[in-house]
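Letters A, B, ... mirror the listed sequences (proteins, then strands); counts begin at 1. Both backbone and side-chain heavy atoms feed into the values below; hydrogens, waters and symmetry mates do not.
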Amino acid sequence: MIDLAVVDLSRLQFALTALYHFLFVPLTLGLSFMLVIMESIYVMTRRPIWRTITRFWGVLFGINFVLGVATGITMEFQFGMNWSYYSHYVGDIFGAPLAIEGLMAFFLEATFVGLMFFGWDKLKPHAHLFVTFMVALGTNLSALWILIANGWMQNPVGAAFNPDTMRMEVTDFMAVLFNPVAQAKFVHTVSAGYVCASVFVLGVSAFYLLRGKHVGFAKRSMTVASAFGLAASLSVVVLGDQSGYALTDNQKMKLAALEAMWHTEPAPAGLTLIGIPSMKDRETHYGVHVPWVMGLIATRTIDKPVEGIFELVATAEDRIESGVIAFDALEKIKADPADMAARAVFETHRRDLGYALLLKRHVADPRQASPELIKQTAWDTVPNVPALFWSFRIMAGVGMFMIALFGTAFVLCTLRKHHTKWFLRVAVLAIPLPWIAIEFGWILAEFGRQPWAVDGVLPTFLGASSLTVPQLWATIIGFTLLYGSLAVVEVRLILHTIKKGPFHEQETFGEPSPEAPLERPAAPAVA
Amino acid sequence: MDLPLDFATLRLIWWGLLGVLLIAFALTDGFDLGVGALLPFVARTDEERRMVINTVGATWEGNQVWFILGGGAIFAAWPFVYAVSFSGFYLAMFLVLSALILRPVSFKYRSKRPSPKWRSFWDWCLFIGGFVPALVFGVAVGNVLLGAPFHLDGDLRSFYDGSLLGLFTPFSLIAGLLSVAMLVLHGAAWLSVKAEKGPVLDRARLFGTVAGVLALVLFAAGGLYVAYGGLGYRITGALDINGFSNPLRTTVEAAPGAWLDNYGRYPWMLIAPALGFLGALAGLIGMWRRSAPLAFGGSSLSTVGIISTAGLSMFPFILPSSIDPQSSLTVWNASSSHLTLFIMLIVTVIFLPLILIYTTWVYRVLWGRTSTAALKTNPDLY
């Protein structure tokens, strides 16, 4: 039997390292493009203030970037370390986007990022702008491939189980690539990163304006942030994740869970704005309902119903029964690879094999499961409803607030009222909000995927490595200590840099020549 | 679907590409690791240390991607290897990751504050970030040559029956120290190309010389151990090189001395160990004669030779099992599907040349020795 303590600790470790990694990624995603915008203005106007602006935000970008890189190393390897069976089971599909991410995106980003910091006196302005753009492009392409990988876990298209290799294998790579769930996730996630970076720039600029320091610098930065942030916050909400929620049973279940919708509602379904969902009673107490809205969001129509949890559980029960037949056939194929009758049966029920594997949580051989156990296991397909319900509301609430924040910022900047005190205070206080929304967004997406590691294919508890509890504690404690100390150092360095301000460098090293580079002794003539 | 390359050919190509990625990692990030390991010893003053750090400061990040890509490529092309090795060498991997997590941060944060205590702390982190991965990678390769204690069950789930301390055997320690010596030689050679002439360079030459001699001795010792230490496995029975990736369908037995079989069968493979020796020798001569191209060229060739030797000796094995040879992973039974290998090959053929082109461009822009004088005028340096 599977050691559930190992599974739980592995999940804890993955959650900790992934959520921690994603503290740094959104700022990198957004700030890299904001640097491109700022530097473009510098290249077009050649006014030194824009060089200063680009370089200052660049320093903060760099402090943040290294932790994104450092924590990303863990992500690349911990599938193999902690999720060994998962890696074997789906590596044929899941590994490809990760490898392509390295080839196409991370190499680009990491190779050019050094030149971005070290190339100011070695490259002409437009060449340096090109380098900065390559960093932004690499960073964002990186997100694309990671989300193609993640999107496949939510909606495993273009693959089928191969009984000869006991794993999923790719059948249609284009389907994996153009997975609608992955595309929706990509737009949603990078937009969230742009919002995050905009809030950061807006908030820090507001801090300077409140103190009456570096006013020219701060006003310009604020203007860039408000325009970029408004566009991004609109796109993150409008191009939300919902478009993919009608696709698979698990995605439907996720939608039903985050809405705490226990029963199918006739079209167009209403939205429960707020309430107290209870897993035990399987209903939502004190719900406040808004008619029609849910149907519109989920199906983009007024005539399609949105399925509820009870109905989806009933579907799951059927699929478990069918899956047991597939499992039985698979055991026969394992014993005799030439058993053609078993292969034919397997083909018919292959789609539901994963549902039979859910039974392994309760019984070693799914074929021994009683009808009661199957009924009970069908309820395992329901994720933690209150957790999803509240995560979604926090995320969406912050999203709405962001639109208001950047709408106001944009109007104020357009009217040149950069000094509106109350707004500046709100802008400083708003700095942590996008991170909160983003982390809850991931909790929603991945907690909502449970009990599956890969929807309908592989239950999470089967994916873990055959490790021991002490090994897991060793790495969890190790990572927590390491990550915790680095977080403290990073935040201190960022605050220190903000305190020194954007002109500290000129005070130490003298004014840079506006038309860099004048002399390039060691560099060969390039660009 | 009909693919233009058959399964066995693709497996062979991807086995070669795995070698290419590991070698590229050792050639590029290898000197970053070596420089990190040398840092506290070749540079004494703060200025000297900053100079040494800045010889790799702008490029280590891109170099490190070879490691990340190596992980991704093993996942995509050799999922069994990815699943078995990283979960098996669990705590060793954790050590490597921790050291590699410290490294980016140390580069970036070290010179952000003037306090000598702060800087010395990060300098030692850079040392750890260079020395520990170099050692553990070597130890890991040593254990792969010995065979790892794992077995696969009928669902192809991997179970590992070993411990962190169990990884440190006499042979794997030879391999680990060889890896350190090889990368320190390479790091010293990089400094001879990139550091300004002066005391740092002289110390680097001294350490590089010691490392080069050690590399020669340890490589020879490793070779003798492989020949007489009872290492090796052999596939027995029928072999379908185009068959499904299912390790349990191959029969394997332990065969002491078998790691030398390939050199008898394919004598051209002897080029690899020869390069390992001659390259290190050339590197040493380059150090003595103050010839940067010879030192760096020699250490590079030596690295190519030593890593190729490990890979070629084991062919077609990638990760043999010491407790259940039947579970051993080979080129013919541990790959991804035919289609995935083909798609990944196309992607690689497109992007690998692009990577080489822009990496070369970046190195060209940053060409030239790093000097301590530049630290006073250039605000961008670490």
Side-chain angles (χ1 to χ4, degrees), chain A residues 62-63 66-67 69-71 73-74 76-77 79-81 84-85 87-88 91-92 95-96 98-104 106-107 110-115 117-123 164-167 169-170 173 334 465-467 471 474-475 478 482 486 489 493 505 508-509 522-524 526, chain B residues 57-59 61-62 64-65 68-69 71-73 75-76 79-80 82-87 90-91 93-94 97-98 100-101 104-105 107-109 112 154-160 244-246 336-337 339-340 343-344 347-348 351-352 355 358-359 361-362 364-368 377-380:
Chain A
I63 295 173
V66 287
L67 264 184
V69 171
T71 54
I73 301 174
T74 313
E76 185 88 16
F77 292 92
F79 292 104
M81 291 170 66
S84 164
Y85 198 61
S87 303
H88 151 68
D92 194 66
L98 293 197
I100 301 176
E101 188 261 350
L103 279 166
M104 184 194 273
F106 193 44
F107 245 118
T111 305
F112 280 104
V113 80
L115 200 53
F117 289 113
F118 290 80
W120 281 99
D121 64 339
K122 291 190 162 64
L123 293 167
D164 289 298
T165 53
M166 289 299 291
R167 67 180 179 194
E169 290 186 353
V170 81
F173 191 67
K334 268 159 70 181
S465 303
S466 316
L467 295 169
Q471 280 176 319
T475 54
L482 189 59
L486 291 180
V489 175
L493 271 181
E505 183 184 298
T508 323
F509 290 93
V526 284
Chain B
T59 45
E61 215 145 14
Q64 181 184 261
V65 183
I68 311 280
L69 179 60
F75 201 172
F80 281 105
Y82 180 86
V84 173
S85 64
F86 294 147
S87 63
Y90 187 72
L91 290 177
M93 272 307 288
F94 173 71
L97 292 186
S98 305
L100 288 179
I101 287 167
V105 189
F107 274 119
K108 196 78 191 180
Y109 293 176
K112 296 253 180 231
D155 292 335
L156 302 185
R157 180 186 291 275
S158 153
F159 295 87
Y160 187 84
F244 288 112
S245 287
N246 187 333
S336 294
S337 66
L339 180 58
T340 297
I343 292 165
M344 287 311 300
V347 177
T348 308
F351 284 99
L352 207 54
I355 290 168
Y358 62 65
T359 303
W361 182 71
V362 168
R364 260 174 57 100
V365 172
L366 296 164
W367 193 248
T377 55
N378 189 342
D380 293 321

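Comparing A/Gly114, A/Gly95, A/Gly91, A/Gly80 by heavy-atom pairs within less than 4.5 Å of chain B, the highest count is held by A/Gly80. With chain A as partner, the option from B/Gly71, B/Ala58, B/Ser98 having the largest number of non-hydrogen pairs under 4.5 angstrom is B/Ala58. By number of non-hydrogen pairs under 4.5 angstrom with chain B, the leading residue of A/Leu98, A/Thr71, A/Val113, A/Asp164 is A/Asp164. Looking only at heavy-atom pairs under 4.5 Å with chain A, the residue among B/Phe107, B/Tyr358, B/Phe159, B/Phe351 that has the most is B/Tyr358. Residue with the most contacts toward chain A among B/Ile101, B/Val362, B/Val347: B/Ile101 (heavy-atom pairs, distance under 4.5 Å). Between chain B and the options A/Ser465, A/Gly102, A/Ala96, the largest number of non-hydrogen pairs under 4.5 Å is found for A/Ala96.
Both the backbone and the side chain of B/Thr348 come within contact range of chain A, with heavy atoms under 4.5 Å apart. For B/Thr359, the parts lying near chain A are the backbone and the side chain together; criterion is any non-hydrogen pair under 4.5 Å. Using a 4.5 Å cut-off between heavy atoms, A/Leu467 contacts chain B through its side chain alone, with no backbone atom that close. A/Val170 touches chain B through backbone and side chain together, each having a heavy atom under 4.5 Å away. The parts of B/Ile68 that come within reach of chain A are both its backbone and its side chain, each placing non-hydrogen atoms under 4.5 angstrom from that chain. Only the side chain of B/Phe80 comes within less than 4.5 Å of a heavy atom of chain A; its backbone N, CA, C and O stay farther away. With a 4.5 Å cut-off on non-hydrogen atoms, B/Leu156 touches chain A through its backbone and its side chain both. Proximity to chain A is limited to the side chain of B/Met344, based on heavy atoms less than 4.5 angstrom apart. Both the backbone and the side chain of A/Ile100 come within less than 4.5 Å of a heavy atom of chain B.
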* Asked: For B/Val105 and A/Val489, what are the C-alpha separation, side-chain angles and deciding distance, and is it a side chain to side chain contact (heavy atoms under 4.5 Å, CB included)?
  -> CA-CA 10 Å; B/Val105 189; A/Val489 175; 5.5 Å; no

* Asked: Under the side chain to side chain contact (heavy atoms under 4.5 Å, CB included) criterion, do A/Leu123 and B/Val365 qualify, and how do the steps go?
  -> CA-CA 8 Å; A/Leu123 293 167; B/Val365 172; 3.9 Å; yes

* I would like to know whether B/Tyr109 and A/Leu67 meet side chain to side chain contact (heavy atoms under 4.5 Å, CB included); could you show each step before the answer? => CA-CA 11 Å; B/Tyr109 293 176; A/Leu67 264 184; 3.9 Å; yes

* To do: List the steps and the verdict of side chain to side chain contact (heavy atoms under 4.5 Å, CB included) for B/Phe244 and A/Glu169.
  => CA-CA 11 Å; B/Phe244 288 112; A/Glu169 290 186 353; 5.5 Å; no

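Here the closest non-hydrogen pair linking B/Tyr82 and A/Ser87 is CE2-OG, 3.5 Å. Among all heavy-atom pairs drawn from A/Ala110 and B/Val65, the shortest one is CB-CG2, 3.4 Å. Here the closest heavy-atom approach between residue A/Asp92 and residue B/Ser336 is recorded as OD1-CB, 2.9 Å. Between A/Ala99 and B/Ala76, the closest heavy-atom pair is CB-CB, 3.9 Å.
To the nearest 0.5 Å, atom CG of residue B/Leu97 and atom OG1 of residue A/Thr74 are 5.0 Å apart. Rounding to the nearest 0.5 Å gives a distance of 8.5 Å between CG of B/Leu366 and CZ of A/Phe118. Considering CG of A/Leu493 and NZ of B/Lys108, their distance stands at 11.0 Å, rounded to 0.5 Å. To the nearest 0.5 Å, atoms CD (A/Gln471) and CG (B/Leu91) are separated by 5.0 Å. B/Asp155 CG to A/Arg167 CZ: the interatomic distance, rounded to the nearest 0.5 Å, is 14.5 Å. Atom-to-atom distance recorded for A/Phe117:CZ and B/Asp380:CG is 9.0 Å, nearest 0.5 angstrom.
In this pair, A/Phe77 and B/Phe86 present their aromatic rings perpendicular. The plane angle is above 60°, beyond the 30 to 60° band.
With contacts defined as side-chain heavy-atom distances shorter than 4.5 Å, the pair B/Glu61/A/Val69 qualifies. Side-chain contact between A/Leu103 and B/Leu352 is present, with heavy atoms from C-beta onward closer than 4.5 Å. Between A/Asp121 and B/Asn378, some side-chain heavy-atom pair lies under the 4.5 Å cut-off. Using a 4.5 Å cut-off on side-chain heavy atoms (C-beta onward), B/Ser158 and A/His88 make no contact. Using a 4.5 Å heavy-atom threshold, the side chains of A/Ser466 and B/Tyr160 count as separate.
Judged by distance alone, the side chain of A/Thr111 and the main-chain N or O of B/Gly62 form no donor-acceptor pair under 3.5 Å. Between the side chain of B/Tyr90 and the backbone N or O of A/Thr475 there is no donor-acceptor pair closer than 3.5 Å.
Under the salt bridge (Lys or Arg N to Asp or Glu O under 4.0 Å) criterion, A/Glu76 pairs with no residue, sequence neighbours left out.
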